[in-house]
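Atom set for the values below is all heavy atoms of this structure, side chains included, hydrogens, waters and symmetry mates excluded.
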Amino acid sequence: MLKRLFDKNKTFKPKKQYKKGTTRYNLHKFAKSLVQSGDLISAIRLPENCDLNQWLAVAAIDFYNITNVLYGSVTEFCTQESCPVMSSGPKFEYLWREEKKKRPIKVSAPQYVQYLMSWIEALINDETEFPADDAATFPKDFQANSLGHQDSGEVCDSIC
C-alpha cells in the first residue's frame with residue numbers, strides 16, 4: 001500500500017517542471033534537499049538574498065505537485081459513486097463556482113478536485129501570473145494572492 005501511495009509516476013495531472021539553470025530550478029532543488037534532510041523549518045524559510053516572489057512561486061508549485069501525487073494515489077478509492085459530494089464531514093459541503101456563473105454547483109468529490117486542479121494548473125501555467133523567466137516581473141498582487149510566507153532567515157546566499 002505505501003509503495004503505491006508514494007509512486008512518483010502516479011499523478012492526477014502532469015507534474016509542473018522547472019527549467020534547468022533558472023532561479024526557480026535552483027530554489028526547488030535547494031528546498032527539496034532540506035526537506036529530504038528533515039530540516040523542514042529551513043525548507044520553508046526564505047533564503048537570504050532571494051526574491052520573495054520567486055520563493056513563493058516555487059512553494060506554490062511544489063505544493064501543487066505534492067497534492068497532485070497524493071490525490072492520484074486515492075483516486076481509485078474516491079469515485080463518483082463512493083464520494084458523490086465534496087465535503088469535510090456531515091456539516092460541511094463544498095460547491096464549485098465557475099468564474100462566469102453566479103451560482104455555485106454541487107459536484108462529486110472527484111469532479112471538484114478535477115475542477116480545482118485544472119484551475120490551479122491554468123493559474124501556475126499563466127506567464128502573467130507565474131512568470132517563469134528569471135527577468136520577468138511578477139504581478140503587483142502576487143504576494144497578496146499567494147499562500148503566505150516566512151520571514152527571511154539565514155539559510156543560503158549562493159543559490160539566488
Side-chain angles (χ1 to χ4, degrees), residues 1-78 86 88 92 94 96-100 107 109-160:
M1 172 69 176
L2 283 179
K3 195 174 199 177
R4 259 191 340 200
L5 180 64
F6 294 107
D7 181 358
K8 285 189 218 180
N9 300 316
K10 190 168 186 180
T11 60
F12 181 60
K13 294 237 173 229
K15 186 175 180 180
K16 174 77 174 170
Q17 301 289 325
Y18 301 100
K19 192 187 218 180
K20 280 190 177 185
T22 63
T23 298
R24 273 201 223 159
Y25 178 83
N26 294 333
L27 287 171
H28 167 72
K29 291 295 182 193
F30 175 68
K32 187 175 177 181
S33 72
L34 289 172
V35 168
Q36 290 172 342
S37 76
D39 189 357
L40 298 180
I41 297 297
S42 293
I44 62 170
R45 187 176 291 135
L46 175 68
E48 199 172 308
N49 300 320
C50 287
D51 179 70
L52 177 59
N53 290 331
Q54 289 283 0
W55 189 242
L56 291 173
V58 167
I61 292 167
D62 285 351
F63 185 75
Y64 165 81
N65 285 335
I66 291 166
T67 303
N68 198 9
V69 171
L70 288 174
Y71 183 71
S73 67
V74 299
T75 54
E76 65 189 89
F77 305 107
C78 185
M86 182 64 172
S88 57
F92 299 99
Y94 298 94
W96 184 258
R97 188 176 75 78
E98 292 290 331
E99 288 184 44
K100 296 178 182 176
V107 295
Q111 187 63 57
Y112 186 94
V113 174
Q114 168 73 43
Y115 286 155
L116 180 63
M117 296 304 279
S118 294
W119 179 78
I120 294 169
E121 182 181 29
L123 182 66
I124 63 178
N125 287 327
D126 181 348
E127 291 281 330
T128 64
E129 295 292 331
F130 274 76
D133 187 88
D134 286 347
T137 304
F138 281 82
K140 291 184 191 297
D141 61 351
F142 185 78
Q143 291 178 27
N145 292 334
S146 66
L147 299 174
H149 65 277
Q150 296 289 321
D151 293 333
S152 79
E154 299 172 16
V155 179
C156 174
D157 340 291
S158 63
I159 60 171
C160 294

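Summarising the geometry, atom CD1 belonging to Ile61 is positioned 11.5 Å from atom CD1 belonging to Ile120; distances are rounded to the nearest 0.5 Å. Taken to the nearest 0.5 Å, the CD atom of Glu121 stands 11.5 Å off from the CG atom of Leu116. In this structure, Asn53 CG and Thr137 OG1 are separated by 9.5 Å, a value rounded to the nearest 0.5 Å. Distance check: Gln143 CD to Trp55 CH2 gives 14.5 Å after rounding to the nearest 0.5 Å.
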| CA sep, side-chain torsions, deciding dist, call: Ile66, Leu70, side chain to side chain contact (heavy atoms under 4.5 Å, CB included) | CA-CA 6 Å; Ile66 291 166; Leu70 288 174; 4.1 Å; yes

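Met86 and Val113 make their closest contact through CE-CG2, 4.2 Å (heavy atoms, listed as atom of the first residue, atom of the second, distance). Gln54 approaches Asp51 most closely through the heavy-atom pair N-OD2, 2.9 Å.
Counting only distance, with no hydrogens or angles, the side chain of Glu129 and the backbone of Pro139 share no donor-acceptor pair below 3.5 Å.
Of the candidates Tyr64, Phe138, Phe142, Phe130 forms a ring-ring contact (aromatic ring centres under 6.0 Å, His included) with just one, namely Phe142.
The side-chain contact (heavy atoms from CB on, under 4.5 Å) test applied to Glu98 returns Trp96, Lys101, Tyr115, not counting sequence neighbours.
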